[in-house]
Amino acid sequence: MTLRAAVLGGGAWGTALASVLARNGHSVVLWAREPEVVEGVNREHRNPVFLPEVTLPAGLRATDDLPTALEGAELLVNAVPAQFVRSVWERARVTRGDVLVVSASKGIENGSLKLMNQVLEEVLPPVLHPRIAVLSGPSFAAEVARGVPTAVSIACGDPGLAEELQRIFSGPTFRAYTHDDLVGVELGGALKNVIALAAGISDGLGFGHNS
């Protein structure tokens, strides 16, 4: 099954996920704020700002116009930095009730302390709330974009939609596993970097393996 996908967020992670979808045969448009990212993706098949060392699939296109990116899209992927998710999706004004929405942004909104799926529920129409899923896992963007084997989780309240998204994202080097725990997957993605930083500090101070 091939579909039209829009990936919002032209950073390293958004570019990597757009590459995964394009390699799987889907028609993908990457929305980025930076004109140099848009030009680099369209002309040189590279993201010169965030992933300059990776050659991107030829079928991947980019735009800095949000309505153009969203036009006709059946799958919307959120890869916007967590603190900008609300403002970007309020601008998106998504009204269709038949699209799939996957949030891959890692983080918790400052002030409200809401997870990204909760933010999306506040700005998207109620008909789309059951169609919101989250994607997260141990994954470096550059490795995903290069095709290094990677496994992630896709959580959705609807098991059938989770399996559909599993088929859409999974390929020879990118494997998605389904789950129904949106909160657990979101918190895992948000907190892992905090734990990694603490582990690095502990190691740098010479506290040893026990610490």
Side-chain angles (χ1 to χ4, degrees), residues 1-81 84-85 88-89 92 94 96 99-106 116 131 133-154 156 161-178 189:
M1 182 184 92
T2 61
L3 45 70
R4 169 84 154 74
V7 178
L8 306 190
W13 186 221
T15 303
L17 289 176
S19 298
V20 167
L21 292 168
R23 285 198 297 262
N24 288 349
H26 303 294
S27 174
V28 186
V29 176
L30 177 68
W31 174 79
R33 294 186 303 112
E34 301 83 0
E36 58 270 38
V37 170
V38 174
E39 183 176 357
V41 171
N42 290 335
R43 291 192 177 185
E44 303 173 4
H45 309 303
R46 293 183 185 277
N47 184 327
V49 178
F50 300 105
L51 279 178
E53 73 281 7
V54 177
T55 300
L56 304 175
L60 173 60
R61 297 182 295 112
T63 181
D64 59 3
D65 184 70
L66 195 51
T68 297
L70 295 171
E71 185 178 0
E74 302 160 274
L75 169 66
L76 307 179
V77 179
N78 170 51
V80 176
F84 300 100
V85 167
V88 168
W89 284 81
V94 177
R96 287 177 53 190
V99 298
L100 293 168
V101 180
V102 176
S103 179
S105 297
K106 299 180 177 73
M116 295 302 100
R131 301 176 69 82
V134 297
L135 182 154
S136 192
S139 48
F140 288 106
E143 294 187 1
V144 171
R146 292 201 310 267
V148 175
T150 304
V152 298
S153 294
I154 292 180
C156 183
L161 290 180
E163 292 177 3
E164 182 178 349
L165 289 167
Q166 179 185 44
R167 291 189 292 269
I168 291 169
F169 278 91
S170 292
T173 62
F174 192 84
R175 185 66 57 87
Y177 292 88
T178 62

Hey, are the side chains of [X] and [Y] touching, using non-hydrogen atoms and a 4.5 Å cut-off?
X	Y	value
Val99	Leu75	no
Leu8	Phe84	no
Leu21	Val77	yes
Trp89	Val94	yes

Verdict with reasoning, Leu76 to Leu100, per side chain to side chain contact (heavy atoms under 4.5 Å, CB included): CA-CA 6 Å; Leu76 307 179; Leu100 293 168; over 6 Å; no
For [X] against [Y], the heavy-atom pair lying closest together:
X	Y	answer
Pro48	Pro52	O-CB, 3.7 Å
Asn78	Ser105	ND2-OG, 3.0 Å
Gly10	Ala32	CA-CB, 3.8 Å
Leu30	Ala18	CD1-CB, 4.3 Å
Ala73	Ala5	CB-C, 4.5 Å

Would you give the length of the straight line joining atom [atom1] of [X] to atom [atom2] of [Y], rounded to the nearest 0.5 angstrom?
X	Y	atom1	atom2	value
Leu161	Ile154	CG	CD1	11.0 Å
Leu3	Ile168	CG	CD1	4.5 Å
Trp31	Leu70	CH2	CG	9.5 Å

Derivation of the side chain to side chain contact (heavy atoms under 4.5 Å, CB included) call for Val85 and Met116: CA-CA 8 Å; Val85 167; Met116 295 302 100; 3.6 Å; yes
Please list, one pair per line, the donor and acceptor atoms closer than 3.5 Å that link side chains of residues 54-64 to other protein atoms, with sequence neighbours excluded.
residue, atom, partner, partner atom, Å
Thr55, OG1, Arg46, NH2, 3.2
Thr63, OG1, Asp65, N, 3.1

Just by distance, do the side chain of [X] and the backbone of [Y] share a donor-acceptor pair under 3.5 Å?
X	Y	answer
Thr150	Phe174	no
Arg175	Phe169	no
Gln166	Ala176	yes

Distance-only criterion, 3.5 Å: show the donor-acceptor pairs between side-chain atoms of residues 134-148 and protein atoms not counting sequence neighbours.
residue, atom, partner, partner atom, Å
Ser139, OG, Gly137, O, 3.0

All side chain to side chain donor-acceptor pair (under 3.5 Å) counterparts of Arg4, not counting sequence neighbours: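 Result, side chain to side chain donor-acceptor pair (under 3.5 Å) vs Arg4: none returned.
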Qualifying side-chain hydrogen bond (donor to acceptor under 3.5 Å, both in side chains) pairs, either residue in residues 8-26, two or more places apart: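 Applying side-chain hydrogen bond (donor to acceptor under 3.5 Å, both in side chains) to every pair that reaches into residues 8-26, excluding sequence neighbours, yields Thr15-Asn47.
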Salt bridge (charged side-chain N to carboxylate O under 4.0 Å, His left out) contacts in which one or both residues fall within residues 29-43, not counting sequence neighbours: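 Checked against salt bridge (charged side-chain N to carboxylate O under 4.0 Å, His left out) - neighbours excluded - the pairs reaching residues 29-43 are Glu39-Arg43.
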